[in-house]
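Let me begin by presenting the structure, written as structure tokens, before commenting on it.
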Amino acid sequence: MNAILEIAGLNRRFGGLQAIDRCEFSVRKGSITGLIGPNGAGKSTLFNIVSGFLKPDSGEVRFEGRRIDGMAPHAVARLGLRRTFQIPRELKRMSVLENLMLVPEGQFGDRILSVVLPDARVREEERANAAAAREVLQMVGLETKADAPAALLSGGQKKLLELARCLMSRPRLMLLDEPTAGVNPTLIRDLMDVMRQVHASGITLLIIEHNMNVVMELCERIVVLDRGHVIAAGTPSEIQENRQVLDAYLGGADA
Amino acid sequence: MVAYLVAILIFAMIYGFVALGLNIQWGLTGLINLGQVAFFAIGAYAFALATHAGMPLLAALVLATLVSGAFGGAVALFTPRLREDYLAIVTLGFSEFIRLIFLNEKWLAGGPDGIAAIPRPPTIPGLDTETSFLVVSAALVGLAFWFSQRLARFPIGRTLRAIREDETVVASVGKPTLAYKSQAFILGAALAGIGGAFFASYLTYISPDMFGPNVSIYVLAAVLLGTQGSSLGTLAGTAVVAALLEGTRLLKDYITIVDGVQLAALRLMALGLALMVIVVIRYRTTRSP
Amino acid sequence: MSAQEVLGAGGLIAGYGEMQILHGVGVRLSAGEIVTVIGPNGSGKSTLLKTLVGLIRPSAGRILLSGQEITATSTRDRLRAGLGYVPQVRNVFATMTVEENLRMGLFALPGAVRERQEAVREILPTLNDYWSARAGKLSGGQQQIVALGRALMASPKVLLLDEPSAGLSPKATDEVFRHIRAISDRQGAAVLLVEQNAHKALAISDRCYVLAEGRNRLDGDAASIAGNPEVGRIYLGAGDGSQKA
């Protein structure tokens, strides 16, 4: 299997709670993989570790074969692994377009030195970045909102902006944290279309999602987490038939 | 009367540097700094000591800028992740620490006696010394203003504003937030240092008691009066604060029912009242959608 | 309905702002019974409880408490009328002792504090073990029992519990559920329980409602729901067309 992300022997504790417990799985390059599990299973913690916002106590995370566990978030992002946030973190006082123009790497105008030099180069760069940003907005259907302050977007549009910001950098792997949570059914359809388009453009997706219909329809493979441990992995129909998965959702027959 | 107006304007210019610096740190990037006076003091002392050591004025000004910027870098380095809560305490503590150093280390900067005979820049032909000083400081404030404006409008300014809004997002798009925050903090400290150099040169005499925490608060008030993040607003805010602090001195010639000490207290009250009125008005206008 | 019915709600449509969560949900509760509401994430379980207690106003539907319509009344009035509510998180006053926490339970309805405290200690004798401790120092399970005790102070006819097992260890969950059963047995209050932990909740319940996407999907006695394969399809996605997102 050609894995883009490999997680091995991962552990992370919060006080008395083993949030991630010997977690192990991989994500195939070019796939849409779902990460599901009951509340408190450790899905978001896992995302935070993979994207560098948390350090694991032990274990490995490899992206394209390279160890990334313990790296700073910005360094992980620069490798081509980007994430969205479950609760949209739009930069409220900036326009939708500015939210995206923040993203491109290595901007000359992003250095203090550029401020005291002639601005032709920065102007040229900004024009190109704005064009790229508008293209991404077109793709997610927010092109008419380009100049609106991000604070004025609706809940669903903020979800789209999360996706757009992630897309803006053309990453190779995107971690989407509940992309359809709190979104009305019509917009869920739109979001799913966008995710399919993103996937078709060659980006691998790992998605945390509670809406099972979305997961089962979109993902080719599903990994199930319960109390920080992978209890099952397989195709949607395999997961749906798996008694252990259902027990995890219904509170387990542990005691 | 005109001479007095010129003096107020010169003070406005001097504090303008310091406030523009704080505006980069706090207004633009969201880094709270309750001890901006420390970098102001370091700039003043560095300038005074350098000129006494025989350095040309311009070189001494550059040195003062660099030294205060370097101290800004040190504070940034020793404040864990430049987090807001730490930064508030560290900057406040640092400013008192610096003042106490200048007060107690006689060998370094004369202790409580301070440093006298600090040179002023040569007078521009055809102008009196005060007006000449005003022109020179205004020219440099203009330069600092131009720099601040461009900084805010450039992509770098966009990144700093984004950090002010949500640092996590900026990290998630691949930008080293700590490096950006440190740079903004150093720039702000360096600008305060320039202000300090002009302050030392204008008064030709400095002593530790001029660098108490109230200076940090005045500058904070100036930035607060201007719209957060706006350079023009910051300069306007500085002018208001300078006018309130210095301008009310004139009143003592006209008001005889209160003595000098009471008047000093009244001036601070006037500043506080003006601040409250302006903040309340702005809060009302920005709150309505 | 039956003379036994203490709480009845039907056709509830409610949500947060632009987001409608409940699309016509109904529940009924008879005196002394424990009824569990389960359903996948986002099915509207917590929203249902908040609507019943008056924290959210439904845009349609009715709520009856002991035959009296309370749909338009305030939360305060509902609590006075005999509704008890234990929210999911931060449900004790951490810096107060257990004794003081219980005292707060009568705040809205002045009455004989001592007398009620004695009665509650009889129903939940484990409270005696940490009666003078600060609630914030207790374990998660103990805090949950304190929260139950506080709700009991006002002698509610109906107790609404929002995921009492959230964040608890399996052992603590068993302990809390055992006490919930005791409340129903000794005080005679009807309990409406919203739970993730379906298996364990069903084990102490009389009846169960299964919600999905803001609608009633299944209901029946607890044992029949526990054995119903349809529940699995509701949780893990049936792919039965009608439930497409």
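Throughout, protein chains are lettered first and strands after them, A, B, ... in sequence-line order, and every chain is numbered starting at 1.
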- Looking only at heavy atoms, what is the nearest atom pair of G37(A) and H210(A), with distance? O-NE2, 3.9 Å

- Task: Verify, without hydrogens or angle tests, whether K181(B) (side chain) and L31(B) (backbone) share a donor-acceptor contact under 3.5 angstrom.
- Result: no

- Do you know which of S114(A), A72(A), P171(A) has the most heavy-atom pairs under 4.5 Å to chain B? S114(A)

- Message: Measuring only between side-chain heavy atoms, which start at C-beta, is L187(A) closer than 4.5 Å to T180(A)?
- Response: no

- Query: Listed by residue number, which members of residues 149-158 of chain A have a heavy atom under 4.5 Å from any heavy atom of chain B?
  - Reply: none

- Message: Strictly below 4.0 Å, N to O, side chains only: are E90(A) and K92(A) in salt-bridge contact?
- Response: yes

- Message: Is F108(A) close to chain B through its backbone or its side chain, or both, or neither, when contacts mean heavy atoms under 4.5 Å?
- Response: neither

- Counting heavy-atom pairs under 4.5 Å to chain B, which of L91(A), D110(A), L81(A), T84(A) comes out on top? D110(A)

- Under 4.5 Å from any heavy atom of chain A - which part of L160(B): neither

- Exam field: side chain T234(B) to backbone L20(B), donor-acceptor pair closer than 3.5 Å: no

- For the side chain of E209(A) and the backbone of I36(A), is there at least one donor-acceptor N/O pair under 3.5 Å apart? no

- Item | Greatest number of heavy atom pairs closer than 4.5 Å to chain B - which of A77(A), S51(A), G109(A), G52(A) | G109(A)

- Taking non-hydrogen atoms and a cut-off under 4.5 angstrom, which of residues 151-159 of chain B neighbour chain A? L151(B), F154(B), P155(B), I156(B), R158(B), T159(B)

- Query: Ignoring hydrogens and geometry, is there a side-chain-to-backbone donor-acceptor pair from E162(A) to F85(A) under 3.5 Å?
  - Reply: yes

- Query: Which residues in residues 139-148 of chain B have any heavy atom lying under 4.5 Å from a heavy atom of chain A?
  - Reply: W146(B), F147(B)

- Item | Heavy-atom pair with the smallest gap, counting every atom of T238(B) and A19(B) | OG1-CB, 3.4 Å

- With the threshold set at 4.0 Å, does a side-chain nitrogen-carboxylate oxygen contact exist between E124(A) and R127(A)? yes

- Message: Quick one, F25(A) and L46(A) - any side-chain contact, counting heavy atoms below 4.5 Å?
- Response: yes

- Item | Portion of N129(A) that has a non-hydrogen atom of chain B nearer than 4.5 angstrom | neither

- Message: Which atoms of E98(A) are under 4.5 Å from chain B, going by heavy atoms: the side chain, the backbone, both sets, or neither?
- Response: both

- Query: Would you call R111(A) and E125(A) a salt bridge, using N to O less than 4.0 angstrom?
  - Reply: no

- Classify the ring geometry between F11(B) and Y202(B) as parallel (under 30°), tilted (30 to 60°) or perpendicular (over 60°). perpendicular

- Note on the structure: Cut-off 4.5 Å, heavy atoms of chain B, and the answer for V116(A) is both

- Separation between CD (Q183(B)) and CD1 (I24(B)), nearest 0.5 Å, reads 11.5 Å

- Greatest number of heavy atom pairs closer than 4.5 Å to chain B - which of R82(A), R78(A), R89(A): R89(A)

- What heavy-atom pair brings S95(A) and D147(A) nearest, and what distance separates the two atoms? CB-O, 3.9 Å

- So, do L163(A) and P179(A) sit near enough that their side-chain heavy atoms are less than 4.5 Å apart? no

- Message: Restricting to non-hydrogen atoms, name the atom on G30(A) and the atom on T204(A) that form the minimum distance, rounded to 0.1 Å.
- Response: N-OG1, 2.8 Å

- Task: Mind checking ring pair (Phe, Tyr, Trp, His ring centres under 6.0 Å) for F199(B) and listing every partner two or more places apart, or none if nothing turns up?
- Result: F40(B), F211(B)

- Task: Could you walk me through whether L79(A) and M71(A) pass side-chain contact (heavy atoms from CB on, under 4.5 Å), step by step?
- Result: CA-CA 11 Å; L79(A) 291 177; M71(A) 275 170 85; 3.7 Å; yes

- Item | chain B interface, residue from R123(A), R165(A), R83(A), M168(A) that has the most non-hydrogen pairs under 4.5 Å | R165(A)

